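Position 1 is the first residue of the sequence; numbering continues from there. We count ligands from 1, going down the list as the structure has it; atoms in each ligand are counted the same way. Just so we're clear, the structure is a prediction, and the values are computed from it rather than from any experiment.
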Amino acid sequence: MAGQPETTIFTTMTALAESTGAINLGQGFPDEDGPTVVIDAAVDALRSGHNQYAPLPGIPALRQAIARHQQRRYGIELDPDTQVQVTFGATEALASALLALVQPGDEVAMLDPSYDSYAAVVALAGGVPRPIPLAPPDWRVEPDAVAAAVSDRTRVLLVNSPHNPTGRVLDAGELDTLADACRRHDVIALTDEVYEHLIYDGNHIPIATRDAMWERTITVSSIGKTHSFTGWKIGWASGPAELVAAVRGVKQFLTFAGGTPLQHAAAVALDEAGEDAEKLAASLAQKRDLLADGLNAAGFDVLDTSGTYFLTADPRPLGFDDAVALCERLPVEAGVVAIPLSAFTAEPADRVRPLVRFAFCKKR
Ligand code: PMP
Ligand code: GLN
């Protein structure tokens, strides 16, 4: 019999912030709303009768806006009817893809640390996770680590850039190392690009644009981070028609189709709120620097972060070498909630045990 499911670290730490009144630099959600033009579009949609099921693939206006976005930003051409699927956040896109593709016993390679839903859904599918360890302070994807994790037994390689929790933006060389392994072992890349617009140094490169990768890549993103609507849970998967059909096949029995008025507003966000996303990234870059300076002044060693809204800090100069213990004391003694990086690893590895993740998507 299956054991009791664990409560996620985000739920636990947000509850701790609420019960202690501490500032929540744990769970990654902004404490300010996204653009008014998008909120107005949602209200208009609610008031003009867009309140029943959306079509299973998502409303045409949103699928077309996603296709325009991918074309404008990355030169990727998508057929909005067959190559785009709207989902309940990136989370459902990732879950549908993994449940569709992974058979019991199949291996799934993923960066380690990684966002916590990946390993959970691989377990639901009966897959076997294969970590690709990243090591601080650079968190680089190393060819040897990829070679050790990816083989002919691998069905899916999960990519995430910009990367939660480290804030790394993978460069072209690292993406090519991953792409090479996919081509060599006939592996499908499932890439989580929810932070694609939250980049402070470098550029976002979708792995689908690397050599011969389009035909074997499912790209996932959502409106949550880019436009500060994490509670709307409007996401999408895109890629070749047969892979998108596989995602759709599972998604139809998870939730079918929902969030109709928010899908209308998400189309407006993608088409009209590009400048707001740029402003958000500029303001987050300042908040990153503010938080990094503060943590440095407090005695932490702060690691570089180039994207997402997270940074990691090493408290060993302050005499702490166990982030779990530190994160239990921080709310009470310093009025701040943070997340131990070990929550994102397959095993509590020594290389991450001391490290703490702080979110900087909060008011100054
Ligand atoms: N992937 C990553 C890497 C994330 O940090 C998050 C944050 N919640 C998600 C996926 C989930 O995205 P969504 O809220 O659109 O489901
Ligand atoms: N993605 C957010 C984070 O990493 C939180 C998501 C969640 O609460 N499940 O903090």
Taking Glu32 for its side chain and Cys361 for its backbone only, find out whether a donor-acceptor pair lies under 3.5 Å. no
Name the orientation class of the two ring planes belonging to Phe229 and Trp232 (parallel below 30°, tilted from 30 to 60°, perpendicular beyond 60°). parallel
Beyond-backbone contact of Val121 with Val102, side-chain heavy atoms, under 4.5 angstrom: no
Can you list, by chain and residue number, every protein residue with a non-hydrogen atom closer than 4.0 Å to ligand 2? Phe10, Gln27, Gly28, Tyr115, Asn164, Tyr195, Lys225, Phe310, Arg357
Separation of Phe88 CZ from Ser222 OG (nearest 0.5 Å): 11.5 Å
If you define the side chain from C-beta out and look only at heavy atoms, does anything of His197 sit under 4.5 Å from His204? no
Atom CD1 of Ile23: over 12 foreign heavy atoms under 6.0 Å: no
Residue shell around ligand 1, heavy atom under 4.0 angstrom: Gly89, Ala90, Thr91, Tyr115, Tyr118, Asn160, Asn164, Asp192, Val194, Tyr195, Ser222, Lys225, Lys233
How would you list all residue pairs meeting salt bridge (Lys or Arg N to Asp or Glu O under 4.0 Å) that involve residues 193-210, not counting sequence neighbours? Asp176-Arg210, Asp201-Arg288
From Thr166 OG1 over to Asp138 CG, what is the distance, rounded to the nearest 0.5 angstrom? 10.5 Å
Mind checking what makes side chain to side chain contact (heavy atoms under 4.5 Å, CB included) contact with Val336, not counting sequence neighbours? Leu25, Phe358
